[in-house]
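Step one of this worksheet: look at the structure below.
Each chain gets a letter, A, B and so on, in the order the sequences are listed, and its residues count up from 1. Heavy-atom basis, side chains included; hydrogens, waters and symmetry copies ignored.
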Amino acid sequence: MIVEVALPVPLRGGFDYLLPEGQPTPTPGCRVRVPFGSRQLSGVVVTIKQDSEQPTAKLRQLSAVLDHQPILSERLLEWLNWASRYYQHPLGDVISTALPARLRKGDAATIQQTCWQLTETGLAQDSQSLKRAPQQQALVERLQSGRCDARTLKQAFSATVIRALEEKGLIETVEDEYVADTDWPQRIHICGQLTPNLEQSLAITAVNNHAQGFQCFLLEGVTGSGKTEVYLQTIAPLLKQGRQILILVPEIGLTPQTVARFEQRFGIEVAVLHSGLTDKERLRVWQQAGLGEVGIIIGTRSAIFTPLANPGMIIVDEEHDGSYKQQDGWRYHARDLAVVRARMEKVPLILGSATPSLETLNNALGSRYQHLSLGKRAGGANAVKHQVLDIKGQALDYGLAKGMQQRIRLHLQQGHQVMLFINRRGFAPALICHQCGHVEECHRCERSFTLHRQLKKLQCHHCGDAKVVPHRCAACGHPDLQPVGMGTEQLEQGIQRIFPDYSAMRIDSDSARGKQKLHGLLEEINQGKSQLLIGTQILAKGHHFPRVSLVVILDVDSALFSADYRAAEHLAQLITQVAGRAGRAQIQGELWLQTHNPGHPLLQDLLNNGYQHFARLALKERQFAALPPYSYQALFRAEAVDGNLAYGFLEQVKACLQPTDITLIGPLPALMEKRQGRYRMQLLLQSDKRTGIQQWLSNMMSNIEKLPLANKVRWSLDMDPMDFT
DNA sequence: AGCACGCCGACT
DNA sequence: GTCGGCGTGCTC
């Protein structure tokens, strides 16, 4: 008997071990301890087989079996196996990321609990002898039918009765396996349900009609259109059947209010998984969910790995949010994993967003997902006015045009707050003519060149072509060529100089490190402590700023001409989200965009026709350029102190390839060429068929690992890359 | 990823 | 003489 074990090491494939004589065979999904080189590791059994490809002499014996029952169900194990193959990431590492830290370390997976049982004297005793103590008699009679856990017994009998019997030596405590408490469905009390409008009703009915099997839904609804109400009403019947609901939310969206809304509606406790939990708390939620003790689990990215005893539905809220993609180690996408998991669990999946990702929208338009729309904005809040400021040829102070400064001053004088956005995501400066707005483009691809200052050249991240930095604009001949977005870096220091009478506050992921800290800062903003708010994406997500009347997005062009082809999509999502958040109630909100290209078709479409229309146009562009979701990508990243090594490694990878139906771009410098003293390079694989990339990679990964430079550089593979920095 | 092995330089 | 620096190679 051979046991194949997945171990948390960055090595592909399982490791085979012999089962010691007399040891009961563990089932797949059980943890085991095994000798590995000079150390002992715990891993998870993936298969039991008759023979091994390894010579038997090389095999070592299993040291111990840690679980009697598998900690991963067959279905979950199958899902993780699929994920390992899809992401080309070692199974042991995949399983290890999916498990709570405590289980990784070898803690007991089962919950122990204290039980009361009759002692030997208690068993021998005739209960009639307790006739004068009817409570005690009843307790003994109860235990005659078997032991009972301390918690339940305490509810039925007083502590005095229990103590008395213990002192008489008739009952004793014993540690026993925990009996799950799964009567939450009976405790459900629906409270505060709203009457759905027509669109909500249609959405609820559509989901209910498919609630018993797999079906993917895109619930597209603007801010305030009542997506949450649709979630609440579609999960109600499932919860009553005792089926569990797993809800994923973006990192920033997991607030006490979100949780409270679900708890209030159903009157049951909601289990929450977020980064603030201790390992012990996290394990507890994992166990409770796996035992079926909780009906609703809300969590961020990694909550997708929560086991469910009786799954009913998965919801991914704000599905376009970038925080669903893990950005180091195993670079999984929780939304994509959710789709596969829902299919395997045979449950419906709702992807909700006001600004769906183009990937999801494409699936909905292609009828792979059912498309549900909520258009009406409840409450009729004032629409935010969108306006564009052409900054061609204008003098800029720290990235702000003079006219914009006046506008800002006006709003400040009225006692309102002003929010300034710097969009640094996927930042890759293009070279723009400040006089005419012309952007240097690659002639082959009709896409903007990216300026790499260190290499002193322009590089096309679409085809890999490069050229020297020109000194004059190719369109108007003017020498005023500038990297897009230049100057905005100094905005934080400069803004105080332009508006010395007002206080400015910067909010980004650094200044808001830690959950509490962000909430504290937001509190301060809404109290009006600062009038000028400078921030990035983080300000746009899920917060309301009633005192803000003017929002300015400074460097729209850096998104329109980024080498990251998703930058325009993200800008559109940002603009739409911001518009939904600022200037509520009495204050008329204004949104201003600074650009050299007011006529840019994507920008115009977004402003005139809204996100839904923009998204469809952007999809057409992607299709035309054969970019995702009309093609599939995988990205090799390599970094090293010596940039030539990183480049050399990717060249070797490239040489492994017999280009058939895969296009290779690179090796190219990453959009952020250097980080922490290391040069970073990338090699992009692209194909119009997913299987092409899959097949080539599964054949080649072991060869790539053996390349001479493979252990000289830090490298990784990113399936469906979202970020090219 | 760890961890051992191994081969060179500066210390009680 | 030894302690320890981190390059190389292996782990069923």
Side chain to side chain contact (heavy atoms under 4.5 Å, CB included) with [X]: which residues, sequence neighbours excluded?
X: A:R282; value: A:L273, A:L277, A:S302
X: A:N711; value: none
X: A:P100; value: A:L103, A:L283, A:W286
X: A:E651; value: A:Y647, A:K654, A:P667

>> Of all nucleotides in DNA chain B that come within under 4.0 Å of a heavy atom of chain A, which is furthest toward the 5' end and which toward the 3' end?
In response: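 Going 5' to 3' along DNA chain B, contacts run B:dA1 to B:dA4.
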
> Can you list the residues that meet the side chain to side chain donor-acceptor pair (under 3.5 Å) rule with A:S52, with sequence neighbours excluded?
Replying inline: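 For A:S52 the side chain to side chain donor-acceptor pair (under 3.5 Å) partners, ignoring immediate neighbours, are A:D16.
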
> For A:D317, which residues count as a side chain to side chain donor-acceptor pair (under 3.5 Å) partner, sequence neighbours excluded?
Replying inline: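 A:D317 satisfies side chain to side chain donor-acceptor pair (under 3.5 Å) with A:Y231 only.
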
Set out, line by line, the N/O atom pairs under 3.5 Å between protein and nucleotides 8-12 of chain C.
unit_1, atom_1, unit_2, atom_2, d
C:dT11, O3', A:G37, N, 3.0
C:dC12, OP1, A:Y17, OH, 3.3
C:dC12, OP1, A:P35, O, 3.2
C:dC12, OP2, A:R60, NH1, 2.7
C:dC12, O3', A:D16, O, 2.4
C:dC12, O3', A:R60, N, 3.0
C:dC12, O2, A:D16, N, 3.0
C:dC12, N3, A:Q54, NE2, 3.3

> Can you name the salt bridge (charged side-chain N to carboxylate O under 4.0 Å, His left out) partners of A:R104, sequence neighbours left out?
Replying inline: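 With neighbours one apart ignored, the set is empty.
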
